[in-house]
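Each residue takes its place number in the sequence, starting with 1.
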Amino acid sequence: MSLNDYVTVAMPERKITINSSNKNRTRYVYYTKRAYRNSKNQPTSEKILIGKRNPESGMLIPNKNYFDIFGQDMILYTKSILDFGNFFAINSVLGELGVSNILKKIFKKDYEKIISIAAYMLCEGNVLFYCDDWCSETFTHLDCPITSQSSSRLFEDISYENRMRFFREWSKLRSASEYIAYDVTSFSSYSAGNEYLEWGYNRDSEKLPQINLGMYFGETSRLPIYYCVYPGSILDKTHLQYMMQDNEILGIEKVKFVMDKGFYSLSNVRFMQEKGYPFILCVSNSLTASKKILEKYRTILTSSRYYSKVHDVYATSKNTDKYGVDANLHIFYDPTKAMLEENELYQKINILENRLSQTKKIPSKTARKKYEKYFDITENDGSISYKHNYEKIDNEKAYNGFFLLLTTDTEKNPNEILEIYKRKDLVEKSFDNLKNHMDMKRIRCHNKSTTEGKIFVAFIGLIIKSHMENILSEYMDTNNSTIEKVIRELKKIKVVTLQNGKRLMNPLTKKQKEILTFFKITEIDIKDYLASERQT
């Protein structure tokens, strides 16, 4: 690492050679480590670059090799050497999206702490015990590191009113006409005293109480827009209308929703119709209306006349009012999906049969239900015998590969509707980012206010990560990379603060320059930033 023009030392009196570059006449200084004769008995030497000559003073501008050779401590010239590239890129994302200005406007003196913790979560996870170490090793705008205790106090100070102010301002920046994917996830916890924690359907199959989180995710912007936390026992479809009532508070207008089948209810579709919210909603094949429709179409839909090469499925549509509203129902058959579902069905049947063959007592009435879906069970003097019920098995697999999308967006054809629905996976990916990349799978807060504050800061981190994935998708595909690898690479960009207050950075590698181009950041941008940044 060169210390550039800010540090000079006396030019060594012996064993040096000064060369000049043909391009800019820079005079490089080399130190002769040893002189010897080669195999041809010709005099030669081993030289190493130790810096360059200051043209005005004639003194040496040293590099790291100089300090290694002469035994002087570079620390005498430096105040700190900190990780910089990752935090600079994160700040550029927040600035580009307008998030920094919103946070500064609402949270005033605490906004830099919120940004720093969000960055820490993105880089390291949500265990804040090590946040002070990270702050001490990273170039942030903080006057002192954030500890686990101070972060808890910050979370408690992030009020409901300020969160909603943020969401209102953030919602103004979204594309007004985009579809919003809505979905729900849950966070489990061992903590006691948190009133949100209740027992309910656990999506991670953990035997723990949980907190539910519903989220809006823009399909065009590919960014999270809003979330709402609610008790873990409340059903997804029950909470839908409460979530949507916040739309008016947030100023979300002309909104269109895409949702999974867990949100269907007669009440919900009528509510959305009354509010004028166009929607795309997957409806379950097990509904009475769905069974009747599939019974009619399942034998004819596999005809080549219904094949769509766009998504490699068979598709048709019909208008219907059988689901409580006047809407279009798009009926799809996916052969690949059918094959996978059939394989899963037979694997499930084999597992159940193995259990039945090994059981030595009659299953309880509750336990028998899952076996009787596929087997006829007979009791014989305290033992059982069984045989496959092929009619039941055939009836279940008859609908494999079929799925139904109900929509009030009547202007779009089946291919367009399916394309929009598939993009709903973005919100599921964002949940995975929250739970795994930012380590929010397990909530460790012990009260409601700190839980809500911590989730809000994690949401800011999710905005950052989502945008980074959007702009870096081409780079990651080409280089078989991930956001984690990108962050580690950017972390290698260091900022050196000298004792005289000057700041400089190590030269960028080719890979770092390539990554930064996707953020529209150049080496000059970074140097200008360091030159203008306040001195500490």
Separation of R423 CZ from R222 CZ (nearest 0.5 Å): 9.5 Å

Verdict with reasoning, S45 to Y36, per side-chain contact (heavy atoms from CB on, under 4.5 Å): CA-CA 6 Å; S45 61; Y36 60 95; 5.6 Å; no

I464 side chain reached by M468 side chain, heavy atoms, under 4.5 Å: yes

Is there side-chain contact between W134 and E124, with heavy atoms separated by less than 4.5 Å? yes

Is any side-chain heavy atom of R503 closer than 4.5 Å to a side-chain heavy atom of F139? yes

Determine yes or no for a side-chain-to-main-chain donor-acceptor pair under 3.5 angstrom, with N38 supplying the side chain and P43 the backbone. no

Within a reach of under 6.0 Å around CD of E46, are more than 12 heavy atoms found that belong to other residues, nucleotides or ligands? yes

Contact check, side chains of F263 and D183, non-hydrogen atoms, under 4.5 Å: yes

About how many Å separate CD1 of I146 and OG of S116, when rounded to the nearest 0.5 Å? 5.0 Å

Regarding E169 and K172, does a basic nitrogen lie under 4.0 Å from an acidic carboxylate oxygen? yes

Can you name the nearest heavy-atom pair linking I50 to Y66, along with the distance? O-CB, 3.6 Å

In Å, rounded to the nearest 0.5 Å, how long is the span from NZ of K465 to NZ of K429? 6.5 Å

What's the separation between atom CG in L82 and atom OG1 in T140, rounded to the nearest 0.5 Å? 8.5 Å

Any side-chain to backbone donor/acceptor pair from T478 onto Y475? Under 3.5 Å, distance only. no

Would you indicate whether F129, at its atom CZ, is surrounded by more than 12 heavy atoms from other residues, nucleotides or ligands within a distance under 6.0 Å? no

Is it true that K492 and E489 have a side-chain N and a carboxylate O under 4.0 angstrom from each other? yes

Answer yes or no: is there a side-chain heavy-atom contact under 4.5 Å between L142 and E112? yes

Verify the ring-centre separation between F459 and Y227: is it less than 6.0 angstrom? yes

Could you tell me whether the side chain of Y230 reaches within less than 4.5 Å of the side chain of I211, counting heavy atoms only? no

Using modelled atom types only, decide if a donor and an acceptor are shared between the side chain of D83 and the backbone of I493 within a distance under 3.5 Å. no

Ignoring hydrogens and angles, write down the donor-acceptor pairs under 3.5 Å from the side chains of residues 91-108, residues two or more places apart or on other chains.
residue : atom : partner : partner atom : Å
S92     : OG   : A89     : O            : 2.6
K108    : NZ   : K105    : O            : 3.4

Quick one: closest heavy-atom pair of V486 and S481, and the distance? CG2-OG, 4.0 Å

Is it the case that D132 and T147 place a side-chain donor and acceptor less than 3.5 Å from each other? no

Under a 3.5 Å threshold, yes or no: a donor from one side chain and an acceptor from the other, between Y120 and D133? no

So, taking the atom named CD1 in I158 and the one named CZ in F166, what distance separates them when rounded to the nearest 0.5 Å? 10.5 Å

Distance-only, no hydrogens or angles: does the T517 side chain make a donor-acceptor pair with backbone N or O of K520 under 3.5 Å? no

Would you say that more than 12 heavy atoms from the other residues, nucleotides or ligands in this model lie under 6.0 Å from the CG of N480, or not? no

Shortest non-hydrogen pair, G461 vs A118, comes out as N-CB, 3.8 Å

Flag, side chain of E523 to backbone of K513, donor-acceptor distance under 3.5 Å: no

Residues C228 and M243: closest non-hydrogen pair is CB-SD, 3.3 Å

Please test Y182 against V258 for side-chain contact (heavy atoms from CB on, under 4.5 Å), starting from the C-alpha separation and ending with a verdict. CA-CA 6 Å; Y182 174 62; V258 54; over 6 Å; no

For atom NZ of K511, is the number of surrounding heavy atoms from other residues, nucleotides or ligands below 6.0 Å larger than 12? no

Atom pairs and distances, side-chain donor-acceptor, residues 244-251, under 3.5 Å, sequence neighbours left out:
residue : atom : partner : partner atom : Å
D246    : OD2  : Y226    : OH           : 2.5
N247    : OD1  : Y216    : OH           : 2.9
N247    : ND2  : M244    : O            : 3.3
N247    : ND2  : Y277    : OH           : 3.2
E248    : OE2  : K275    : NZ           : 3.4

Rounding to 0.5 Å, atoms CD1 (I463) and NE2 (H467) come to a distance of 11.0 Å

Using modelled atom types only, decide if a donor and an acceptor are shared between the side chain of T138 and the backbone of C135 within a distance under 3.5 Å. no

What's the shortest heavy-atom distance between F70 and P12, and which atoms? CZ-CG, 3.7 Å

How about K424: does its NZ atom have over 12 heavy atoms from other parts shown lying under 6.0 Å from it? yes

Determine whether I16 and M11 satisfy the following criterion, side-chain contact (heavy atoms from CB on, under 4.5 Å), listing intermediate values before the conclusion. CA-CA 9 Å; I16 64 166; M11 187 73 69; 3.5 Å; yes

Is there side-chain contact between N54 and L60, with heavy atoms separated by less than 4.5 Å? no

Please determine if R165 forms a cation-pi arrangement with F167, meaning its NZ or CZ atom is less than 6.0 Å from the six-membered ring centre and no more than 45° off the ring axis. no

Looking only at side chains, do S151 and S148 share a donor and an acceptor under 3.5 Å apart? no

How about Y529 and F88: are their ring centroids closer than 6.0 Å? yes

Kindly indicate whether the side chain of V29, heavy atoms from C-beta on, has any atom under 4.5 Å from the side chain of N19. no

Return yes if a side-chain donor-acceptor contact under 3.5 Å exists between D525 and T522, otherwise no. yes

Which heavy atom of L462 sits nearest a heavy atom of S430, and at what distance? CD1-O, 3.6 Å

Verify side-chain contact (heavy atoms from CB on, under 4.5 Å) between I487 and K485, making sure each step is shown before the conclusion. CA-CA 5 Å; I487 289 173; K485 289 181 180 179; over 6 Å; no

Are a donor atom and an acceptor atom from the side chains of N65 and Y31 found within less than 3.5 Å of each other? no

